[in-house]
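Just so you know, ligand 1 is whichever comes first in the structure, and atom 1 is the first atom listed for that ligand. Because only heavy atoms are used, hydrogens play no part in the values below, and waters and symmetry mates are left out as well, while side chains stay in.
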Amino acid sequence: MNVLIERLGRVVLIRLNRPQARNALDTALMCELLDTLKTLDSDPGVGCFLVTGTKKYFAAGADIKEMYGKSCLDMIQEDYFAGWDAFAALRTPKVAAVAGFAYGGGCELAMMCDVIVADESAQFALPEITLGVMPGMGGTQRLTRLIGRAKAMDMILTGRSMSAREAEQSGLVSRVTAAGQLLEEALAIAHRIGGFPRISTLAAREAVNRADESGLREGLLFERRSFHGLFATPGQKEGMQAFLEKREPRFDLIESAPK
Ligand code: CO8
């Protein structure tokens, strides 16, 4: 098993599990992960995915041993690692909990998630240049959007690593947790996201993603229409009614209600 999957209520905890290769991402791992998550992505009982590695490494990048012997033709014919686009496109909100190395494809995988929570030990890098190549799983695009051109160029052209603190200050990471607290805090975030009406979190992340993918005018219209659309959902009725009645909303009753 290259990934260990566990259901914790409305949260799906995904542990990358190739310790012998520092959780390097190979084709088998990618396919195993996608096979499971594609089904769970449309499960109304699932509210959030949480991806993590071990205490010392999140993932050391794409598997260099798998890639090394391939030709350009092999890479193009296989459309090597195109499957990760399908991971990024999963609609369920994704949290990455990163401790230790998140290098190359590991850093790019974390950036495909909506929230990155980092342990103090986390180290982020896109060191592909040191292998004579360049980032290929979205790094040049996502890192630049997240931290800006100046720092992205620095990291991508020198291959240097960035500490959890610098990553937080730069906008790559959402929160840094104290030693030993990573999984607990990341799970609390995932459970909180998963506890809201699923349709609302899906709509919210789609609208935020529009900020990267469209101009302001189109993004604002998309956001407004999505907001309008949520008025057809029981979550909006319950959430607003609970506010007016000065009580906590019972989204749990709505989410498990028979359709
Ligand atoms: N791929 C394959 N095997 C790896 C990888 C990797 N990325 N990283 C580590 N391993 C293996 C090592 O080869 C070693 O195996 P063995 O026991 O058989 O010799 C084992 O894991 C342990 O490695 P180390 O002894 O190096 O472990 P350390 O804890 O000392 O160091 C590091 C950990 C710092 C993470 C170090 O292993 C390292 O620098 N790894 C490579 C990091 C790297 O360069 N990553 C970028 C890879 S390229 C990439 O990610 C491209 C993504 C885009 C692809 C898109 C295609 C379209």
Side-chain angles (χ1 to χ4, degrees), residues 1-4 14-35 37 51-90 94 96-113 116 118-147 151-167 170 172-173 179 182 212:
M1 302 274 269
N2 293 302
V3 283
L4 304 175
I14 300 135
R15 292 177 194 268
L16 305 174
N17 185 41
R18 295 191 71 218
Q20 72 286 2
R22 303 294 185 260
N23 284 340
L25 310 171
D26 66 357
T27 304
L29 183 153
M30 179 182 75
C31 293
E32 215 176 295
L33 186 65
L34 283 176
D35 274 357
L37 295 193
V51 185
T52 196
T54 70
K55 285 184 179 164
K56 290 196 177 157
Y57 31 88
F58 178 71
D63 192 308
I64 300 166
K65 291 172 187 164
E66 179 177 84
M67 287 185 295
Y68 166 70
K70 289 187 189 289
S71 68
C72 172
L73 195 62
D74 294 334
M75 294 297 263
I76 294 171
Q77 270 175 348
E78 288 174 37
D79 202 2
Y80 187 73
F81 265 21
W84 287 110
D85 285 349
F87 175 83
L90 294 170
K94 299 183 276 298
V98 179
F101 305 108
Y103 278 9
C107 179
E108 293 172 301
L109 172 59
M111 289 192 289
M112 289 176 203
C113 297
I116 303 179
D119 180 78
E120 282 173 346
S121 67
Q123 291 281 327
F124 298 87
L126 293 178
E128 288 90 342
I129 203 79
T130 68
L131 299 168
V133 289
M134 59 178 278
M137 266 172 67
T140 61
Q141 305 304 298
R142 292 198 176 93
L143 189 68
T144 308
R145 281 170 167 79
L146 287 170
I147 70 175
K151 274 194 183 272
M153 279 290 192
D154 175 10
M155 287 188 68
I156 290 167
L157 292 180
T158 68
R160 80 167 173 97
S161 68
M162 188 178 252
S163 69
R165 290 286 165 206
E166 186 184 358
S170 305
L172 169 58
V173 154
L182 176 69
D212 286 339

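Less than 4.0 angstrom separates atom 8 (N) of ligand 1 from at least one non-hydrogen atom of the protein. Protein heavy atoms are found less than 4.0 angstrom from atom 35 (C) of ligand 1.
Atom 38 (C) of ligand 1 has its closest protein heavy atom at Tyr103 CD2, 4.7 Å. Counting only heavy atoms of the protein, atom 1 (N) of ligand 1 lies nearest to Ile64 N, 2.8 Å. From the protein, the heavy atom lying nearest to atom 30 (O) of ligand 1 is Arg22 NH2, 4.7 Å. In this structure, the protein non-hydrogen atom closest to atom 4 (C) of ligand 1 is Ala21 O, 3.8 Å.
For ligand 1 and Tyr80, the ligand atoms under 4.0 Å from any heavy atom of the residue are 56 (C), 57 (C). Shown in contact with Gly136 at under 4.0 Å from a heavy atom are these atoms of ligand 1, numbered in order with element: 53 (C), 55 (C), 57 (C). Atom numbering of ligand 1 starts at 1 in the shown order; those under 4.0 Å from a heavy atom of Gly61 are 50 (O). Every atom of ligand 1 with a heavy atom of Glu108 under 4.0 Å away is listed here by number and element: 52 (C), 53 (C).
Residue Lys65 holds the heavy atom nearest to atom 16 (P) of ligand 1 of all those in Lys56, Lys65, Gln20.
Counting heavy atoms under 4.0 Å from ligand 1, residue Ala62 touches it through both backbone and side chain. At a 4.0 Å heavy-atom cut-off, ligand 1 touches Ala60 through backbone and side chain alike. Contact annotation: for Phe101 versus ligand 1, heavy atoms closer than 4.0 Å belong to the side chain alone. Residue-level proximity to ligand 1 for Leu131 is carried by the side chain, the only part with a heavy atom below 4.0 angstrom.
When the shell of 6.0 Å around NZ of Lys70 is examined, it contains more than 12 heavy atoms from other residues, nucleotides or ligands.
Proximity of Ser121 to Tyr57: side-chain heavy atoms (C-beta onward) are nowhere separated by under 4.5 Å. Tyr103 is not listed as a side-chain neighbour of Leu126, based on a closest heavy-atom distance of 4.5 Å or more. Inter-residue side-chain proximity for Ile156 and Ile129 is flagged as unmet; no heavy-atom pair is nearer than 4.5 Å. By the 4.5 Å heavy-atom criterion applied to side chains, Phe58 and Leu109 are counted as neighbours.
Residue Glu66 places every heavy atom at 4.0 Å or more from ligand 1.
Residues Val51 and Cys113 share a closest heavy-atom pair of CG2-SG, 4.3 Å.
If you run side-chain contact (heavy atoms from CB on, under 4.5 Å) between Met137 and each of Met112, Met111, Glu128, Arg142, only Met112 comes through.
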